[in-house]
There are 4 protein chains.
Amino acid sequence: MLQRRTDLALEAREIWQSGAKRAAHLPGVTSEQTNREGYPVTTVRITDGEGAQALGKPIGTYITVELPGLKRREEDAFPRAVRAVATELRSLLPEGDGSVLVVGLGNRAITPDNIGPAAVGHTLVTRHLVAQIPEHFGHFRPVAALAAGVLAGTGMESSELVQAVVEQTSPSCVIAIDALASRSLSRVCSTVQLADSGISPGSGVGNHRAALDRKTLGVPVIALGVPTVVDVATLCADVLAEAGRGDLEPETLRGAAAGMMVTPRDIDQSVADLSKVIGYAVSLALQRDLSIEDLELLLA
Amino acid sequence: MLQRRTDLALEAREIWQSGAKRAAHLPGVTSEQTNREGYPVTTVRITDGEGAQALGKPIGTYITVELPGLKRREEDAFPRAVRAVATELRSLLPEGDGSVLVVGLGNRAITPDNIGPAAVGHTLVTRHLVAQIPEHFGHFRPVAALAAGVLAGTGMESSELVQAVVEQTSPSCVIAIDALASRSLSRVCSTVQLADSGISPGSGVGNHRAALDRKTLGVPVIALGVPTVVDVATLCADVLAEAGRGDLEPETLRGAAAGMMVTPRDIDQSVADLSKVIGYAVSLALQRDLSIEDLELLLA
Amino acid sequence: MLQRRTDLALEAREIWQSGAKRAAHLPGVTSEQTNREGYPVTTVRITDGEGAQALGKPIGTYITVELPGLKRREEDAFPRAVRAVATELRSLLPEGDGSVLVVGLGNRAITPDNIGPAAVGHTLVTRHLVAQIPEHFGHFRPVAALAAGVLAGTGMESSELVQAVVEQTSPSCVIAIDALASRSLSRVCSTVQLADSGISPGSGVGNHRAALDRKTLGVPVIALGVPTVVDVATLCADVLAEAGRGDLEPETLRGAAAGMMVTPRDIDQSVADLSKVIGYAVSLALQRDLSIEDLELLLA
Amino acid sequence: MLQRRTDLALEAREIWQSGAKRAAHLPGVTSEQTNREGYPVTTVRITDGEGAQALGKPIGTYITVELPGLKRREEDAFPRAVRAVATELRSLLPEGDGSVLVVGLGNRAITPDNIGPAAVGHTLVTRHLVAQIPEHFGHFRPVAALAAGVLAGTGMESSELVQAVVEQTSPSCVIAIDALASRSLSRVCSTVQLADSGISPGSGVGNHRAALDRKTLGVPVIALGVPTVVDVATLCADVLAEAGRGDLEPETLRGAAAGMMVTPRDIDQSVADLSKVIGYAVSLALQRDLSIEDLELLLA
């Protein structure tokens, strides 16, 4: 039913609502707006199969934190963004202090797809310290990390590799970081989506991935995603609409734009900035006694 | 008059011709199609002010080599591309064996803008060898090279820096390599344009540059450019037209797409491949006794 | 017994032989010199426990290919080196065409330790192609690859990660690529050692690794190593000896040089060159119908 | 006279003093120890030709700031180091607020030689902003920057390139950042030397450079250097001496160690850390109203 390609539940709901003949109320979906550290937060909950089908996403909680100030490099924008994302992430994490596996999905060699691997580089990894020097690090939560690479580089599906590591190390949950596609120019590189339903196939910058969720991995999977590209066909439809030039279905334009992607001009800097926000937020959410200043020292 | 943004003279001419009320003949412009090493070559000559105004480019010769096989990694595609570009470049170089300054324009940190600096890394630099070890290298043509960086990184305009080096080293000509914008998805990252009119302000991936031409530098300036991005507004107009959905002027869409760029998904690999073609072609054109195999050894 | 730190069986044997009171014949060890593609090849076979104890290495075959021409960039040095290493590697591989896992050990962020991960980047990975497009790729041998990262980056021992992937993908053998330490300045970055005994703990640039061998992984493990550093204490003893200034045991100098390493000045270029030799040689050894030219096309 | 290779005036003086037959007082040289932000600071002043000859360095002021806490990542070590180096730099800068050219010498592709180019990347460059948007940036001191690359990459001597830019842009002084060689393992990557005598030929990681000083450039040249390598021959002599095994002149060992260098194992991280200290310190010294926090925002 969904015709415009987006990985954001927020946008899927907007599209549904913008349909001319839709009722105001979408059954099986609730939405709520709040504010965290000065940033707008939208929580979309898909509560049953009807909602899931309408939005094309699995049942679960989808939290979107919008970070427009980050791009403008407003004062304190970085620490506020880290705290905002960390707080929302904590609300989705399962109870307890069990070990966690952080997975960065995506292809390092494609800039907008590198956000997952880059975020892993900003994540405090502690599993080996806790095990080997418990007298000093026993109070840390054990965190392992994996930049899963891409199929072409390893000959393995990311999901195969993650599954192997989950079986070997038995974490209490997995946090999977990935690049997403948005349908809105204004959300690209200034939004983070957190979801407790894991990663579904077929989305993001890469075209086809196997699922990473509780069903395939046997433990809860929290997905953290950042939209870094806009689909070209979607963009054209949007630019047209915004310019008052009609309302086209992106699908009718798809063939003409195959193999292209739309990114901000400053995509390299944006991916660098956002991967640091994500890595720090994950570390802050998992290690409760640390401050951002501690992380600067430990991760520099 | 030109409404669709392109740096290719070839495309400027196509656009002019596609205008409904245009006569078949464009005064002050000639165009000719040939074939080099299996690749289509189009030479557009702007011979007077009328032609210059119609196409929005200075008087000069603009040679476009189209390299579709390179992206598909056809056999021999690389050496044929190097020889084709080298041969066309030789036709534009001034007589003689004077020293040459190769300048790579563009910002390393923006992938599609990095083609100039990356090509400089694949160029055989000999000036110091000729001067210091003349008994072994005296038969080489002296070549110096400069990756000009960007304004923000140096506090100097690229043109200021190039001018300073030209004054210091007095080359017989300058070869300037730069990223361009195309209006056609199919030409992005599969086309090289060579021009004997230098680099004009206001084009390419970066928005505003001072001219690098015989007037500003005092020596002939050959420009080598590769389109690596498509303007979003242009793209939308084209995708629409291709899908049979009308004919819009890109300018009417411009505001909605500011700050975005359209690139191939494999832009990193494409820039790597093309910068090697350019650097090798420049080296081959300047050093007549060398083969591509020699360059592989000398530049590896 | 061994006092000078080396990972090369060749050097361990030399050291043993240089001992003043040693007999000419070392029981449990045979050594043979041949020539492959113009490069000297030494094969040391440790055949029993006595030999293993004398040389401080497990029972097995250790083949050293010396590649001095590579550094001088002699003509054909690269393809000859690839073919020489590939031929020696084939002699160690188990029979059959079963799938293979290639593992690059070492820390990307320390240049001389990056040879394993970099070699993986030059290895033809086919497992996913064989599985998904068997009509076109069914004749390739399935190869998966893993750059194992370091303990600090993942929170997992390399051996844990490799073990997990071996269990998940059941390869017929593992090829493990790693940086080594040599005691000789002249062998650093110009030697490759192949061994069928796997990787032992405690060697290389990093200080402490768990074993990767048939015992821990359950399948044969072929080790490919390149010495990229010299131990500082070893170096001092050698420089002294070479200058005719006495004969010291490196251990007596160790404390004064902790945390330092000795590398060639051109270590970055050397690691780039050698990792390509290794990756290509592994690919050539595993895929019998491919040429180096095919690899250039497939891996560029 | 100097037999042990060092670029640090501090060490040259120590070596002079350690000579058995030297008088306690070295004519033409004064030395003074203070403390800045908790770090030891030694100022060696060479006041006449006799002192210059004794230490093998031009007449001038040489300030060494030792930063051992930086490597141990002590709390506040970074901001204290930035402020300490900035304060010492200010004491060497000429009066006034004229424009400044910051030059990063060294070869990006050799890790320990990359400190100059990397420091330029952490320097606030303002010249273009002051010129183009004076209403907002008119109160900044104009700073231009140049990563001078290496001879092999450009075909120009660094000094030629710097001279060309100085002539074009007429700065009031030049700050030149370079990698140095130390004779002491303990000073490598934990020391910064500032000197008002410019850069002399023949030192550092690279072997031979033309001078950058007031004589060649026509303006004052402040040199900022960080020792990142130890000469192998020097190291051997030192390790021997420290182990109580005699006192050799490094020159007698030189031939045996040609082409090698000794660096810390964590050289990549150290160069990253120190280049940030230098770039920030230069920016802080030149722009008096800025704080380190401002720089984090402006340079991130």
Side-chain angles (χ1 to χ4, degrees), chain A residues 99-104 107-109 117-133 137 140-171 206 208-210 217 279 283 286-287 298-299, chain C residues 99-104 107-109 117-133 137 140-171 208-210 217 279 283 286-287 298-300:
Chain A
S99 73
V100 174
L101 174 65
V102 180
V103 177
N107 185 343
R108 276 182 202 283
V120 161
H122 293 294
T123 300
L124 187 66
V125 171
T126 57
R127 181 172 175 269
H128 55 308
L129 301 171
V130 174
Q132 291 169 10
I133 327 176
F137 295 95
F140 279 93
R141 186 169 186 171
V143 175
L146 192 67
V150 273
L151 190 57
T154 64
M156 285 174 277
E157 294 274 0
S158 291
S159 56
E160 267 189 299
L161 184 53
V162 175
Q163 225 171 306
V165 171
V166 165
E167 272 163 40
Q168 178 86 8
T169 64
S170 305
H208 204 68
R209 288 192 186 114
L217 297 181
S283 306
L286 293 175
Q287 311 292 352
L298 291 165
L299 290 169
Chain C
S99 74
V100 174
L101 174 65
V102 179
V103 177
N107 185 342
R108 276 181 203 284
V120 161
H122 292 295
T123 300
L124 186 66
V125 171
T126 58
R127 182 173 175 268
H128 56 307
L129 300 171
V130 174
Q132 290 168 12
I133 328 178
F137 296 96
F140 279 93
R141 187 168 185 171
V143 175
L146 192 66
V150 273
L151 191 57
T154 64
M156 286 175 275
E157 294 275 1
S158 290
S159 57
E160 265 188 300
L161 184 52
V162 174
Q163 223 171 306
V165 171
V166 166
E167 271 163 41
Q168 177 87 8
T169 64
S170 303
H208 203 68
R209 288 190 187 117
L217 296 182
S283 306
L286 293 176
Q287 311 293 351
L298 290 164
L299 290 169

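The figures that follow rest on heavy atoms only: side chains count, while hydrogens, waters and symmetry mates do not. Naming: A, B, ... by sequence-line order, numbering from 1 per chain.
For A:T123, no part lies under 4.5 angstrom from a heavy atom of chain C.
Between C:V125 and A:G155, the closest heavy-atom pair is CG1-N, 3.1 Å. Shown here for C:M156 and A:A145, the closest heavy-atom pair between the two residues is CE-O, 3.8 Å.
Remark: A:L161 CG to C:T169 OG1 distance equals 9.5 Å, nearest 0.5 Å.
Counting only heavy atoms from C-beta outward, the side chains of C:Q168 and A:E160 approach each other to under 4.5 Å. No side-chain heavy atom of A:R127 sits less than 4.5 Å from a side-chain heavy atom of C:T154.
No other option in C:A131, C:P142, C:A144 has as many heavy-atom pairs under 4.5 Å with chain A as C:A144.
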